[in-house]
> 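Here it is, the structure in full.
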Amino acid sequence: MGQTLTEKILDDHLVEGELEPGEEIGIEIDQVLTQDTTGTLVWLQFDALDLDETQTEVAAQYCDHQTYQFDFKNTDDHRFLRSAAGTFGAYFSRPGNGICHNVHKENFAAPGKTMLGSDSHTPTPGGLGELAIGAGGLDVAVAMGGGAYYIEMPEVVNVHLEGELPEWATAKDVILELLRRLSVKGGVGKIFEYTGPGVETLSVPERTTITNMGTELGATSSIFPTDERTQEYLDRVGRPEDYEKVEPDADADYHDQITVDLSEIEPLIAEPSMPDNIVPVREVAGTEVDQVIIGSCTNGAFEDILPAAKMLEGRETAKTTDMIVAPGSKQASEMLARQGWTAEMMAAGVNFSEATCGACIGNGHVPASDSVSLRTFNRNFEGRSGIEDDSVYLCSPEVATAAALTGEIVDPRDLDDVEDPGFELADEYVGVSGSDLITPDEAVDDELIKGPNIGDVPLKDPLPAGLEGEILLKMPNNITTDHISPANADVLMYRSNIPKLSEFTLTRVDETLPERAIEADGGILLAGENYGQGSSREHAALCPMYLGIDAVLAQSFARIHKANLFNFGIVPLTIDAATYTEIDQGDEVEVVDDVAEAVRTGKEEFTIRVNGDWEASAYLDASEREREILADGGKLTHVKQQHESGDDAAHADD
Ligand code: MIC
Ligand code: SF4
């Protein structure tokens with residue numbers, strides 16, 4: 001049997017383990033990406049590990065999430081990040097230069113490489129045949145220091161594309177169709193590999209829309225083979241030499257296959273408030289729309305905004321509907337401006353934003369109360385836009401623009417006088433201003449500059465023998481990291497100040513949680529399926545750890561969040577549905593076994609006693625390495641100990 005493309009790239013980078021689904025493997029990482037709201041912890045931990053220089057081929061620090069700098073603390077974070085990039089040898093992309101995934105795609109994404117990034121949409125360059133994975137900041141820091149990245153070998157699923165997209169159907173609709181079929185947890189433990197004759201009908205930016213939003217399926221990554229379309233894109237962005245042919249063997253053995261006939265795709269939309277709440281646009285046509293935003297790492301590229309600009313040319317947006325365009329990169333902004341499209345869009349009523357994540361996480365353009373917002377983004381989790389009870393829909397730039405023109409949701413196929421603008425690449429990608437991407441050689445700092453809000457990363461004690469506590473919160477299925485550690489303007493400024501950030505932990509579910517956790521001197525959390533889906537932010541584990549949470553009992557965990565729980569010494573135990581139903585908030589739960597001993601010796605089934613009254617089983621699914629990390633009280637302590645004992649963990653093992 002031949003190999004899948006995923007297996008080939010992993011094989012080339014394998015430093016430990018075997019490529020058997022479910023087995024833990026260690027891989028070498030070529031490129032690393034980090035951004036402003038996870039990056040501060042990455043560098044603080046890089047420094048705490050006594051690492052002094054990045055070892056990967058590319059390490060890039062972007063400033064994209066909080067570029068409006070509402071507070072001096074945001075600006076201090078950016079200054080710290082520039083100083084860290086300079087001190088340790090990373091590229092530094094200045095605030096306003098664009099969203100990490102967009103700028104990385106334009107400048108560094110390359111076939112056959114591996115990448116780790118402290119952002120969940122890191123898989124975006126999969127559209128160019130790069131195997132890119134999102135992870136917690138500490139894992140990224142270790143990889144940047146030359147350490148391997150460890151992961152359970154995912155199952156590789158073949159998404160076989162046939163046919164060609166019809167008029168008005170877009171790449172966004174392809175990934176929405178997969179979300180419709182598979183749901184937000186359909187991709188957990190999987191890598192989606194796209195093959196088939198439909199691949200060559202999609203250009204690189206269309207492919208990266210699909211790989212970007214594969215994250216919403218819960219997938220570890222998504223990847224396309226490379227071909228003439230990849231070469232064409234790399235030629236036009238000025239990096240023809242980065243092209244390499246990468247593809248699966250003809251007889252590659254996939255775990256599963258899904259077929260998507262592109263010719264049957266129609267305009268789709270995700271209704272509030274989950275990215276898998278998909279319906280055909282026609283089903284919700286007529287819904288009045290108050291706000292439309294085009295942007296984000298999914299659909300904020302030059303090629304995504306161009307169709308909107310063409311649709312708007314010579315027309316006006318509805319008086320009831322505000323339209324905002326937030327390009328994904330300054331390069332896209334500059335190109336649109338130079339070609340005259342910015343002026344066309346402005347004349348049509350568009351309000352232009354700087355290149356930023358911004359509204360995607362509730363930083364700016366917060367919808368009005370009781371209003372409808374249509375966005376080309378990838379997530380519409382409740383409250384993420386900055387207001388609880390929001391009504392955010394996700395769709396393609398074409399569907400968004402149709403709504404801006406008519407004031408209501410409309411399938412663009414039903415527009416009378418507007419033609420499908422199609423999808424095209426620019427002849428040449430110009431305008432990456434040299435001063436916005438500072439190379440390691442051009443670094444302007446050589447020591448860390450910390451503002452008063454930038455604190456140390458707290459550590460946890462080694463795992464004790466006894467583990468017991470009150471169930472402080474019982475939560476339903478699909479709790480996101482946005483619930484656990486929100487990311488809007490009031491909160492983001494504390495990403496480098498864990499004691500302060502902890503005060504916001506899970507307050508979107510129950511505002512008394514932080515106070516109660518401190519009063520009770522810690523405790524245990526209880527959740528349903530897919531706990532911790534969404535972002536890679538390790539703050540969603542670090543803050544609960546700071547509040548004294550020792551364990552999370554859940555029916556299942558999202559991949560990155562589970563890794564972050566290990567990294568910060570919180571025990572993630574899986575329970576069945578019946579146990580979940582029977583345990584209530586306020587119950588006292590005790591793990592009967594000697595936890596430290598059981599974790600170290602590889603025990604998988606634990607007994608929990610509830611209210612001293614009845615017992616149930618809870619399971620720990622962890623590799624030997626994860627067990628050691630947990631028992632030591634977290635990865636920072638674990639790696640430091642290995643360092644001190646002469647085992648150069650950060651470079652060799654961990
Ligand atoms: C997101 O889309 O939720 C974020 C904000 O980009 C996060 C990173 C963060 O919390 O800083 C992600 O996707 O990992
Ligand atoms: Fe930024 Fe939104 Fe993309 Fe996250 S999903 S990186 S917040 S644009």
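First listed ligand is number 1; within each ligand, the first listed atom is number 1.
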> Can you check whether D436's main-chain N or O pairs, donor with acceptor, with R94's side chain at less than 3.5 Å?
no
> With heavy atoms of I361 as the reference, note each atom of ligand 1 found under 4.0 Å away.
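Atoms satisfying the 4.0 Å criterion: 5 (C).
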> Output every pair passing salt bridge (Lys or Arg N to Asp or Glu O under 4.0 Å) with a member in residues 529-545, not counting sequence neighbours, ordered by first then second residue.
D482-R537
> Closer than 3.5 angstrom, by distance alone: can the side chain of D64 be matched with the main-chain N or O of C100 as a donor-acceptor pair?
yes
> Going by the salt bridge (Lys or Arg N to Asp or Glu O under 4.0 Å) test, which pairs reach into residues 29-40, not counting sequence neighbours?
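Qualifying pairs, neighbours excluded: none.
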> Return the residue, atom name and 0.1 Å-rounded distance of the protein heavy atom closest to atom 8 (C) of ligand 1.
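Going atom by atom, the protein heavy atom closest to atom 8 (C) of ligand 1 ends up being Q35 NE2, 3.2 Å.
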> Which residues satisfy the side chain to side chain donor-acceptor pair (under 3.5 Å) test with T208, sequence neighbours excluded?
K105
> Can you check whether C543 reaches I498 side chain to side chain, under 4.5 Å on heavy atoms?
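They are in side-chain contact.
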> Which ligand 1 atoms are under 4.0 Å away from a heavy-atom of T38?
9 (C), 11 (O)
> Looking at atom 2 (O) of ligand 1, what's its closest protein heavy atom, distance included?
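The protein heavy atom lying closest is R384 NH2, 2.8 Å.
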> For atom 10 (O) of ligand 1, what is the nearest protein heavy atom, given as residue, atom name and distance?
R537 NE, 2.5 Å
> Between T75, T40, I449, which is the residue that forms a side-chain contact (heavy atoms from CB on, under 4.5 Å) with F80?
T40
> Flag D482 as yes when one of its N or O atoms lies below 3.5 Å from any N or O atom of ligand 1, and as no otherwise.
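Checking ligand 1 against D482, no N or O pair falls under 3.5 Å apart.
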> So, is D119 polar-close to ligand 1, with some N/O to N/O distance under 3.5 Å?
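D119 vs ligand 1: N/O contact under 3.5 Å present.
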> Is K330 salt-bridged to E334, cutoff N-O under 4.0 Å?
no
> Is a salt bridge present between K172 and E206, judged by a nitrogen-to-oxygen distance below 4.0 Å?
no
> Suppose we measure from atom 11 (O) of ligand 1 to each protein heavy atom; which comes out shortest, and what is that distance?
T37 OG1, 2.6 Å
> Within ligand 1, which atoms have a heavy atom of R495 less than 4.0 Å away?
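Those qualifying, in numeric order: 9 (C), 10 (O), 11 (O).
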> Among all protein heavy atoms, pick out the one at the shortest distance from atom 13 (O) of ligand 1; state its residue, atom name and that distance to 0.1 Å.
S120 OG, 2.5 Å
> At less than 4.0 angstrom from any non-hydrogen atom of S536, what atoms of ligand 1 do you find?
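In order of number, 12 (C), 14 (O).
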> I'd like to know if H539 contacts ligand 1, where contact means a heavy-atom distance under 4.0 Å to any ligand atom.
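Judged by the 4.0 Å heavy-atom criterion, H539 does not count as contacting ligand 1.
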> How many angstroms lie between CD1 in I175 and OG1 in T211, if you round to the nearest 0.5 Å?
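Between I175 CD1 and T211 OG1, I get 8.5 Å after rounding to 0.5 Å.
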> Ignoring hydrogens and angles, tell me if any N or O in the side chain of D173 forms a donor-acceptor pair with the backbone of T170 under 3.5 Å.
yes
> Are K73 and D76 close enough for a salt bridge, meaning some N to O gap below 4.0 Å?
no
> Less than 3.5 Å between some nitrogen or oxygen of H65 and one of ligand 1, yes or no?
yes
> Is it true that the side chains of Y62 and H104 contain a donor and an acceptor less than 3.5 Å apart?
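Present: a donor and an acceptor within the cut-off.
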> Got the closest protein heavy atom to atom 1 (C) of ligand 1, with its distance?
R379 NH1, 3.2 Å
> Which heavy atom of the protein is the closest neighbour of atom 7 (C) of ligand 1, given with residue, atom name and distance?
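Nearest neighbour among protein heavy atoms for atom 7 (C) of ligand 1, to 0.1 Å: S535 CB, 3.2 Å.
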> Who are the residue neighbours of ligand 2 when the rule is a heavy atom under 4.0 Å from any of its atoms?
H65, I99, H101, D119, H121, S296, C297, C357, C360, N378, R384
